[in-house]
Amino acid sequence: MDFYKSTVIYGLLVLSALFLSCSNKENKTDTIETRVNQLLDRMTLDEKIGQMTQIDPGFAGGEEQMKKSVRDGRYGSMLNLFGVEKVNELQKISVEESRLGIPLLIGRDVIHGYQTIFPIPLGMAASWNPEIVKKAFRISAIECSSQGIKWTFAPMVDITWDPRWGRIAEGCGEDPFLASSLSRAMVEGIQGESLTDPSAVAACAKHFVGYGFSEGGRDYSTTYISEPVLRNVVLKPFLAARDAGALTFMSGFNDLNGVPASGNEFTLKQILRKEWDFKGMVVSDWASVSEMISHGYCSNEKEAALKALKAGVDMEMSSLTYAGNIKALLQEGRIEQWVIDDAVRNILRVKYKLGLFENPYVSPEAQKQLLNPEFLDHAQKVARQSAVLLKNDQKTLPLSQKIRSVAVFGPLADSPRDQLGTWVFDGKAENSVTPLAAIRELLGPDKVNFIKGLQYSRDKNRGEFVKALALAKQSDAILYFGGEEWILSGEGQSRGEINLPGAQEELIAELARSGKPLVVIIMAGRPLAVGKVAGMADALLYGWHGGTMAGPALADLIFGKESPSGKLPVTFVKGSGQIPFYYYHNQTGRPASEGSWTPMDSIPVVNPQSSLGYKSFHLDYGFTPLYPFGYGLSYTTFKYSGLKLSSMSMSTTGSIVVSANITNTGEMDGDEIVQFYIRDRVGSITRPVKELKGFQRVSIPQGMQKEIQFTLNAKDLSFFNGKTQVVEPGEFDVWIGPNSAEGLHGEFNMH
Ligand code: BGC
């Protein structure tokens, strides 16, 4: 349809919507609560149940049946409805042909970009930069709202300790403080300054709650989480989302401590509604209500509907247990009318807040908002700030742009779809700029020698190895782009081993034989066990799945336009056997330290029962990870000095300021992510060895120094020792440092 025609149709739609809303009895100046209640009073039970049902068009019984159902008010929301015309068409039926004219809420997974794809959320977390993350989500909202999507199932803020879990890609990593800062930023970006702005989109904090603790990292598996871990860790980023005003929450697939998340009165009712006073809407995850039957928690759909309703799931996604059973449950007196009314109120409130009753349609004007140059620039910036430099021996990086020739290898060097990562429905591979394309553009095609060496990440065929080595020998430096295809991470895509798949390690070993500077760039959806590769490469840069502009962003870093500045949002393990390994584990009775443990290869073959240390370590891995949480190098160097505390003690009503000087002692300007950790030495329950309590990303020009301050108050030191939040006086350690394993140390006392 041409632009003129669609504008005319849109105009007609707006006029008719105006007419309908004027003829509506309700008064636009009434508060949202009044309007919700007035509308609720006019609704039949079927219409209420309709509002509580969300369907994907693919499951709506065919085109005509779908339209009829919308006309009959059987759906309150649709997910995965494509295209402006389709959205407007269905919306028109809902607004003009259904009895009460209630607009549909159109939802979709826009997890890290709509068409302009940003790095996977785990990558964005590595930027430790809430501001740029917020802008990335604002851009995603502008793009998707322009296509009629007014509700995104993001942010995903599941903390996980398990890199085998494929969905680690979608979250912010292991730390509750970092994840909470980013959760807030994401919600603010998605929902924008004003909810009635056409580009505002409703956020959905998911998956409530505990899904990231799937046993063994197998997706959908059981989760067991103690109350202190639940409250001190897992719930934190959700609370941040609620504080930022997230309009909706999604209940998860997992069975939490024996009760499925979508029927869990403790988490949904007690915590979310009662303790947090959440007034928004709760949607189930896809069929997670009916899956309570598979969990063995309900014997049939009616029971499933009852348990979800009682727990406070307002809208059911995809399965139809509500549609099929609410009426009977009400007639049988097993559910009371107010439970249904409350759910419908929660749903209608979101629609009113988003201004859908006034502006139900998408304007064709808005469609110009895709992939605009400013969005792509931002995607490149975020990808740049997300990349983490893990090794850089002899200043291998940056390479000079004047280099005579580089050899580019690897299955991810020119793989447009893979670099977009998981959960990309609308981003198109043809818009991706790959590393190969960007490097050719930067250096000129003649300077770039390229063969893949392996066709895809799992490829084991060594057919090109000889050719690859020969090409490496002819070039001045080697750039190997490896990692994982996008399909190896994401929902339902968990791995048991998290090494580089296929024959990639063998190819890298082959290339290392050339004696040329070897730079390995990993593009992956999870923190891989890259120890072997780190041993072979001169430089190692972790780029995650960096999105549409991953190529130019990586080229900017490799050739020194900017220094890498990302830091790890998750601990990198030496191998799967070390999992779970997170930096804030509790203090143990027998902590290991350098020299206090025996590596496996040093044990004599014949030996009596004797001490190998009797400390907390693995014989094969030791007690440290490959790279600690918060780690990341730069092309420049930063010196930390002069740790100061404003006082050696504080009261439970006071605060304390901890500061340090950071000096850029290297040869280039750069950003440093300064981290602030504490340890509560003694508690009523055992306390973590370290906890992040603050961070700042600061730009420090070469040779300059900045003083960085962090303020701590008693609330920052509080924790849950069960269901109670306590502030416990005592001794505390503090560190300001470049990562979770290093830093300047101080101590104070709280009385
Ligand atoms: C996922 C959710 C997602 C939903 C809708 C489910 O399979 O777990 O995260 O929002 O599908 O696409």
Side-chain angles (χ1 to χ4, degrees), residues 53-60 75-82 104-114 120-122 137 140-141 144 147 149-160 165-172 183 186-187 190 201-214 217-223 237-238 241 246-256 260-264 280-292 294-295 308 313-320 350 421-427 486-487 489-494 525:
T53 304
Q54 182 193 52
I55 200 82
D56 177 301
F59 298 83
Y75 303 135
S77 170
M78 303 196 79
L79 78 161
N80 300 333
L81 189 70
F82 294 104
L104 291 164
L105 182 56
I106 308 292
R108 190 154 174 84
D109 291 277
V110 183
I111 307 295
H112 54 112
Y114 182 72
I120 52 168
L122 186 64
F137 277 80
S140 310
C144 78
Q147 304 302 299
I149 295 156
K150 292 295 286 177
W151 183 20
T152 172
F153 307 120
M156 190 281 216
V157 288
D158 293 317
I159 298 278
T160 185
W165 190 48
R167 300 196 81 168
I168 192 172
E170 280 177 69
C172 298
S183 168
M186 290 170 177
V187 171
I190 294 166
V201 169
C204 182
K206 71 185 189 185
H207 306 82
F208 203 73
V209 62
Y211 182 36
F213 277 58
S214 296
R218 281 184 311 281
D219 209 358
Y220 317 120
S221 183
T222 303
T223 63
F238 286 96
L247 289 177
T248 75
F249 269 53
M250 182 187 289
S251 64
F253 286 132
N254 56 303
D255 150 40
L256 174 64
S262 292
N264 200 313
M281 182 232 287
V282 174
V283 65
S284 76
D285 200 347
W286 183 282
S288 65
V289 175
S290 63
E291 283 175 15
M292 290 200 286
S294 319
H295 274 295
V313 173
D314 302 316
M315 182 184 278
E316 182 179 12
M317 180 189 286
S318 170
S319 52
L320 295 169
V350 171
T422 186
W423 272 124
V424 170
F425 282 151
D426 305 283
W486 76 268
I487 193 69
S489 58
E491 186 179 346
Q493 284 139 216
S494 296

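Whatever order the structure lists ligands and atoms in, that order sets their numbers, starting from 1.
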J.: Which parts of the protein, at residue level, reach under 4.0 Å of ligand 1 through a heavy atom?
T.: L79, D109, F153, R167, K206, H207, M250, F253, D285, W286, M317, W423, E491
J.: Only one of S140, P121, P155 passes side-chain contact (heavy atoms from CB on, under 4.5 Å) with I111; say which it is.
T.: P121
J.: Write down the atom of Y220, the atom of S214, and the distance for their closest heavy-atom approach.
T.: N-OG, 3.9 Å
J.: Of the non-hydrogen atoms in C172 and M186, which two are nearest, and what is the gap between them?
T.: SG-CE, 3.7 Å
J.: Would you check if the side chain of H295 reaches a backbone N or O of F253 as a donor-acceptor pair within less than 3.5 Å?
T.: yes
J.: For the pair D219 (side chain) and E491 (backbone), establish whether a donor and an acceptor sit closer than 3.5 Å, ignoring hydrogens and angles.
T.: no
J.: Verify whether one side chain among W151 and S77 offers a donor that lies under 3.5 Å from an acceptor in the other.
T.: no
